[in-house]
Amino acid sequence: MGFFDFMTEDIAIDLGTANTLIIHDGKVCVDQPSIVAKDIATGKIIAIGKEANMMQGKTHGSIQTIRPLKDGVIADFEASEQMIKEFIKNIPTIKKKFWTPSLRMVICIPSGITEVEKRAVRDSAEHMNAKEIYLIHEPMAAAIGIGIDITQPKGNMIIDIGGGTTEIAVIALGGIVCDKSVKVAGDVFTNDISYYMRTQHNLHIGERTAEVVKIEIGAATEDLDNPPEEMLVQGRDLLSGKPKQAQVSYREIAKALDKSILRIEDAVMETLSQTPPELAADIYNTGIYLAGGGSMLRGLDKRLSRKTDLPVYVAEDPLRAVVRGTGITLKDLEKYKTVLLK
Ligand SMILES: Nc1ncnc2c1ncn2[C@@H]1O[C@H](COP(=O)(O)OP(=O)(O)O)[C@@H](O)[C@H]1O
Ligand SMILES: [Mg+2]
């Protein structure tokens with residue numbers, strides 16, 4: 001431990017397209033939607049996270065809500081930097097300090113991001129007074145968070161279904177052997193539901209409502225063990241323009257999502273077909289692990305299991321698997337140095 005270590009704070013960040021999570025002092029101290037609300041005239045940030053999320057779809061001309069990481073890429077560098085800065089500044093133990101502590105950070109990034117975006121993430125971290133910065137790929141962090149010993153000469157398949165992307169990876173000996181990233185995940189499911197409501201029920205619903213429908217009665221298959229009850233969905237009638245509600249069942253949502261889930265299935269099959277045979281043999285025994293919020297869609301594990309003929313397990317607390325893994329590497333940088341990108 002160096003003399004100035006007491007002035008350094010360790011921080012692990014999962015910078016997700018839907019949610020940003022931060023671990024500090026071994027605890028998840030930030031778990032917020034990746035959203036900022038901006039005053040268009042002045043460019044000033046007026047709200048971030050949950051508070052900005054509440055404003056979504058309800059803003060007037062001078063306020064804009066932005067998801068800086070939409071579609072699995074950093075769409076707005078400035079907004080994402082400001083967002084992380086605010087999140088970190090508001091961590092209680094850091095807020096109390098009289099000085100700006102220097103930071104040691106491990107940041108989890110989608111495996112599909114470009115070199116330019118990686119550079120931008122680093123630059124942002126440096127602007128926040130980070131002295132040591134490590135990046136880690138999302139599926140690797142998810143695997144560690146699930147509790148898999150990634151250093152073993154044993155293949156494991158991880159599928160992380162987030163907001164913007166689904167990341168599929170086969171991991172062995174501390175490295176990613178083959179991977180695939182598709183831009184079909186939670187956001188696309190939400191859009192599918194909006195589209196279905198518009199075309200089948202003549203009902204125009206907002207993005208937040210569509211997400212609630214997905215969480216309440218969303219399903220990947222009509223063949224569920226514990227099907228949810230029908231739900232009343234409110235929005236605006238496309239023909240009359242009046243507010244209206246419609247009754248919707250999980251079966252309808254399963255139909256609405258079918259095409260998107262097929263695309264995920266295809267990507268999984270393709271990744272399996274590219275897996276070297278020795279690792280395929282391992283995966284036959286260990287099965288597939290799911291993480292990310294999208295993996296909580298009802299029946300998705302069952303459907304993938306039927307498609308691949310493999311056991312499929314959803315991680316415990318799938319929304320936090322990635323940040324948990326990122327936090328574990330932060331505690332033992334030496335052990336994980338091969339998976340961290342300096
Ligand atoms: N119970 C649920 N059923 C289906 N989807 C869910 C559920 N809970 C959260 N989600 C979805 O998970 C996605 C967010 O997952 P997350 O892993 O945080 O994404 P990211 O890593 O991209 O930030 C969102 O699209 C959200 O709607
Ligand atoms: Mg994620």
Side-chain angles (χ1 to χ4, degrees), residues 12-23 28 30-35 49-50 53 56 67-75 80 83-84 87 107-113 135-146 158-169 181-194 206-221 224 226-228 231 250 253-254 256-257 260-261 264 289-304 314-327:
I13 304 184
D14 167 13
L15 188 55
T17 56
N19 297 297
T20 297
L21 289 91
I22 300 181
I23 287 188
V28 176
V30 174
D31 182 351
Q32 300 248 15
S34 308
I35 301 182
K50 288 181 189 129
N53 193 31
Q56 259 209 106
R67 284 185 50 189
L69 289 116
K70 209 151 176 134
D71 298 327
V73 294
I74 305 176
S80 66
M83 183 181 77
I84 308 170
F87 281 146
I107 308 173
C108 180
I109 48 166
S111 52
I113 83 169
L135 304 181
I136 181 169
H137 285 303
E138 197 161 53
M140 189 60 86
I144 296 168
I146 287 168
I158 317 292
I159 306 177
D160 178 10
I161 308 173
T165 57
T166 292
E167 314 256 342
I168 305 159
S181 168
V182 283
K183 292 195 170 159
V184 181
D187 293 338
V188 171
F189 300 159
T190 303
N191 284 338
D192 288 341
I193 293 172
S194 302
E207 198 179 319
R208 288 193 64 204
T209 303
E211 188 180 9
V212 172
V213 173
K214 176 177 75 178
I215 292 170
E216 296 286 315
I217 61 166
T221 163
L224 290 183
N226 289 307
M231 176 183 177
Y250 77 93
I253 305 302
L257 300 182
S260 298
I261 291 164
I264 294 179
Y289 293 92
L290 301 186
S295 69
M296 284 148 79
L297 188 71
R298 279 177 201 80
L300 184 60
D301 49 347
K302 195 170 167 184
R303 185 162 161 177
L304 286 173
V314 180
E316 188 186 329
D317 202 357
L319 282 161
R320 291 188 170 187
V322 167
V323 80
R324 244 183 353 246
T326 312

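Both counts, for ligands and for their atoms, begin at 1 and track the order of listing. Not measured: the values here are computed from a predicted model.
The pair Arg320-Asp31 meets the salt-bridge criterion, since a charged nitrogen lies less than 4.0 angstrom from a carboxylate oxygen.
Checked against Ser34 for a side-chain hydrogen bond (donor to acceptor under 3.5 Å, both in side chains), the options Thr20, Asn53, Asp14 give a single hit: Thr20.
Of all N/O/S atoms in Glu138, OE2 sits nearest the Mg ion (ligand 2).
Partners of Arg298 by salt bridge (Lys or Arg N to Asp or Glu O under 4.0 Å), not counting sequence neighbours: none found. Partners of Phe189 according to the ring-ring contact (aromatic ring centres under 6.0 Å, His included) rule, which considers only residues two or more places apart in sequence or in another chain, do not exist here. For Arg67, the salt bridge (Lys or Arg N to Asp or Glu O under 4.0 Å) criterion is met by Asp187, Glu207, not counting sequence neighbours.
Closest of all the heavy-atom pairs between Leu224 and Ala219 is CD1-CB, 3.8 Å.
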Starting from the N and O atoms of ligand 1, collect every protein N/O partner closer than 3.5 Å and put each pair on its own line with the distance to 0.1 Å.
| unit_1 | atom_1 | unit_2 | atom_2 | d |
| --- | --- | --- | --- | --- |
| ligand 1 | 12 (O) | Gly294 | N | 3.3 |
| ligand 1 | 15 (O) | Gly293 | N | 3.2 |
| ligand 1 | 17 (O) | Gly293 | N | 2.9 |
| ligand 1 | 18 (O) | Asn19 | ND2 | 2.7 |
| ligand 1 | 19 (O) | Gly163 | N | 3.1 |
| ligand 1 | 22 (O) | Thr17 | N | 3.1 |
| ligand 1 | 22 (O) | Thr17 | OG1 | 2.6 |
| ligand 1 | 22 (O) | Ala18 | N | 3.4 |
| ligand 1 | 22 (O) | Gly163 | N | 2.8 |
| ligand 1 | 23 (O) | Thr17 | N | 3.2 |
| ligand 1 | 23 (O) | Ala18 | N | 2.7 |
| ligand 1 | 23 (O) | Asn19 | N | 2.7 |
| ligand 1 | 23 (O) | Asn19 | O | 3.4 |
| ligand 1 | 25 (O) | Lys214 | NZ | 3.2 |
| ligand 1 | 27 (O) | Glu211 | OE2 | 2.6 |
| ligand 1 | 27 (O) | Lys214 | NZ | 2.7 |

